[in-house]
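The sequence lines fix the lettering, A, B, ..., with proteins before strands; numbering per chain opens at 1.
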There are 2 protein chains.
Amino acid sequence: MGMGGDNRLTRTRGLGAKHQERRAQIADALLRIIDAEGLEAVNLRQVARQAGVSMGAVQHYFRTKDEMLLFALDYVSERGGERIRARLESDSPHRVVLREVLAEFIPADDTRRAELRVSTAFLARGLVDDRVTEHVRQGYAGIHGLLTLLVRRASGAVDPEQTAVTLFALAEGLGDQVLVGHLDATAALAVLDAQLERMVAGPPRDAYAE
Amino acid sequence: MGMGGDNRLTRTRGLGAKHQERRAQIADALLRIIDAEGLEAVNLRQVARQAGVSMGAVQHYFRTKDEMLLFALDYVSERGGERIRARLESDSPHRVVLREVLAEFIPADDTRRAELRVSTAFLARGLVDDRVTEHVRQGYAGIHGLLTLLVRRASGAVDPEQTAVTLFALAEGLGDQVLVGHLDATAALAVLDAQLERMVAGPPRDAYAE
């Protein structure tokens with residue numbers, strides 16, 4: 001899913017590089033715990049142990065569990081966002097970029113699998129916590145906007161907004177099915193490609209060859 | 001999502017009607033708590049209070065929190081399954097039935113919204129708990145099989161399996177977007193209808209008029 005809206009926690013405090021690095025180290029530890037045991041298992045003590053720092057250090061960087069969780073959500077979103085930006089700046093045809101961005105939602109490797117498990121945990125939490133809901137909703141809106149832009153560039157689709165919603169929802173649903181083990185990533189990507197074929201006029205399929 | 005595989009907990013013990021009713025009463029209380037506060041908030045004391053029974057009564061019916069959660073997942077799946085069976089037995093054209101079954105994944109009313117929130121909570125938990133994962137995976141397989149059958153009946157689709165996977169993933173992804181508040185249910189249903197139009201040859205759109 002790669003959700004999460006702005007990046008308030010990292011940006012608003014003019015944090016130094018060391019501070020940032022330590023926070024990222026703690027966030028990595030947190031993600032490993034969430035990935036292995038789910039959000040509900042997270043506590044400060046466990047995060048400190050996993051990150052190899054003191055309880056006091058964790059508390060120095062994050063006053064509450066919620067603050068830590070929101071930082072982790074931003075962190076996951078940032079990483080996904082960086083990969084997407086790198087793709088947008090590449091010379092690939094627009095339709096190939098669109099396909100690559102959609103494929104981010106399908107857990108085809110360990111990194112993406114871990115990130116998507118974390119995003120799913122947050123989605124579930126988002127449904128009962130207004131602050132997380134707002135974050136998640138902003139993330140959806142951002143992705144939807146980006147996909148609409150890419151669809152518009154890649155094709156003469158009649159309704160780029162609706163095409164973007166369709167492709168986004170499909171990719172996300174496929175991602176869930178792969179996470180749960182109902183589909184494998186290759187089958188999911190084939191379904192995604194067939195839908196692109198159906199909805200987005202563009203270069204011949206060969207353009208996907210790597 | 002309406003997930004969850006077999007129905008072991010309710011079937012294997014030859015429970016009397018009273019017993020069943022009491023378990024359903026506890027499951028309802030449990031669902032209300034999960035819907036409002038998420039799975040992690042669930043504990044025996046709170047469930048007993050919400051159901052208006054003693055802690056001992058809850059413990060009589062469910063030895064562990066996990067057993068109670070699995071019963072609730074079965075219970076949600078059962079309710080969804082009953083609605084689907086009723087639709088399968090109706091005289092509606094196959095394509096209308098297919099559309100109605102897919103629409104079950106989009107939270108257009110309070111009951112479905114609550115059930116889908118619960119299913120999403122279980123999906124997140126399923127990713128870290130093998131017993132739940134297996135349950136969820138069986139649920140996906142069952143739904144996929146049913147949708148493949150409906151697609152085959154409703155149309156001359158070239159590849160009913162793949163058509164079913166596509167429609168299922170799309171409906172589930174749309175459901176998530178509605179749950180989070182990014183889309184409203186009407187817009188999501190319009191996306192679903194457009195996809196049916198694209199993939200499943202069938203009676204004219206008027207057949208959906210109610």
Side-chain angles (χ1 to χ4, degrees), chain A residues 1 3 34-42 105 113 116-129 132-134 136-141 143-144 159 161-163 165-183 187-188 190-192 194-195 198-199, chain B residues 1 3 34-42 105 113 116-129 132-134 136-141 143-144 159 161-163 165-183 187-188 190-192 194-195 198-199:
Chain A
M1 267 151 276
M3 308 170 304
I34 295 172
D35 185 43
E37 298 171 52
L39 272 180
E40 56 196 298
V42 171
F105 296 87
R113 172 170 291 270
L116 289 166
R117 285 168 72 122
V118 169
S119 298
T120 302
F122 276 106
L123 172 63
R125 188 179 171 89
L127 301 177
V128 291
D129 176 328
V132 178
T133 306
E134 190 41 42
V136 170
R137 191 162 32 216
Q138 282 181 25
Y140 272 88
I143 294 162
H144 182 194
D159 187 343
E161 283 260 346
Q162 172 119 341
T163 301
V165 170
T166 307
L167 292 169
F168 182 19
L170 178 64
E172 196 173 0
L174 289 170
D176 282 351
Q177 302 198 3
V178 174
L179 278 183
V180 156
H182 174 61
L183 273 189
V191 169
L192 186 61
Q195 185 73 12
R198 234 172 258 127
M199 294 195 92
Chain B
M1 263 151 279
M3 307 167 308
I34 295 172
D35 185 41
E37 300 172 49
L39 272 180
E40 53 195 299
V42 170
F105 295 88
R113 173 170 289 271
L116 289 167
R117 283 167 72 121
V118 169
S119 298
T120 302
F122 275 107
L123 172 62
R125 190 181 171 86
L127 301 177
V128 292
D129 177 328
V132 178
T133 305
E134 190 43 41
V136 170
R137 193 163 30 219
Q138 280 180 26
Y140 272 89
I143 293 162
H144 182 195
D159 187 343
E161 284 259 347
Q162 173 119 339
T163 301
V165 170
T166 307
L167 291 169
F168 182 18
L170 178 64
E172 196 174 359
L174 289 170
D176 282 350
Q177 302 198 2
V178 175
L179 277 184
V180 155
H182 174 61
L183 273 189
V191 169
L192 186 61
Q195 184 73 12
R198 234 172 258 129
M199 293 195 93

S.K.: Would you say that Y140(A) contacts D176(B) through its side chain, given a criterion of any heavy-atom pair below 4.5 Å between the two side chains?
M.R.: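 Result yes, sub-4.5 Å side-chain heavy-atom pair found.
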
S.K.: List in chain and number order the residues that pass salt bridge (Lys or Arg N to Asp or Glu O under 4.0 Å) with R113(B), two or more places apart in sequence or in another chain; answer none if no residue qualifies.
M.R.: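 R113(B) satisfies salt bridge (Lys or Arg N to Asp or Glu O under 4.0 Å) with no residue once adjacent residues are dropped.
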
S.K.: Against chain B, label A141(A) side chain, backbone, both or neither, depending on which of its atoms sit under 4.5 Å from a heavy atom there.
M.R.: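 When you check distances to chain B, atoms from both the backbone and side chain of A141(A) fall under 4.5 Å.
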
S.K.: Just verifying a value: how many Å separate Q162(B) CD and Q195(A) CD, rounded to the nearest 0.5 Å?
M.R.: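 Going from CD on Q162(B) over to CD on Q195(A), the span is 10.0 Å.
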
S.K.: Heavy-atom pairs under 4.5 Å with chain B are the metric here; pick the option from V191(A), L183(A), T133(A) that has the most.
M.R.: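 Among V191(A), L183(A), T133(A), the one with the most close pairs to chain B is V191(A).
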
S.K.: Taking every non-hydrogen pair under 4.5 Å, which of G181(B), A171(B), G175(B), A121(B) racks up the most with chain A?
M.R.: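 Max contact count across the listed options: G181(B).
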
S.K.: Where does L167(A) contact chain B at under 4.5 Å (heavy atoms): side chain, backbone, both or neither?
M.R.: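 Contact with chain B involves no heavy atom of L167(A) at all.
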
S.K.: For E161(A), enumerate each residue passing the side chain to side chain donor-acceptor pair (under 3.5 Å) test, keeping only those at least two apart in sequence or located in another chain.
M.R.: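 Listed in chain order: nothing, the list is empty.
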
S.K.: For residues T166(B) and L170(A), report the shortest heavy-atom separation together with the two atoms involved.
M.R.: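 Smallest heavy-atom distance, with atoms named: O-CD1, 3.5 Å.
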
S.K.: If I measure from the heavy atoms of chain B, does R198(A) come under 4.5 Å with its side chain, its backbone, both, or neither?
M.R.: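 Answer is side chain: those atoms of R198(A) sit under 4.5 Å from chain B.
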
S.K.: Which residue out of L174(A), L192(A), D35(A) racks up the most heavy-atom pairs below 4.5 Å with chain B?
M.R.: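 Most heavy-atom pairs within the cutoff with chain B belong to L174(A).
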
S.K.: So do Q177(B) and V165(A) actually touch side chain to side chain, heavy atoms under 4.5 Å?
M.R.: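 Heavy-atom side-chain distance check passes, below 4.5 Å.
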
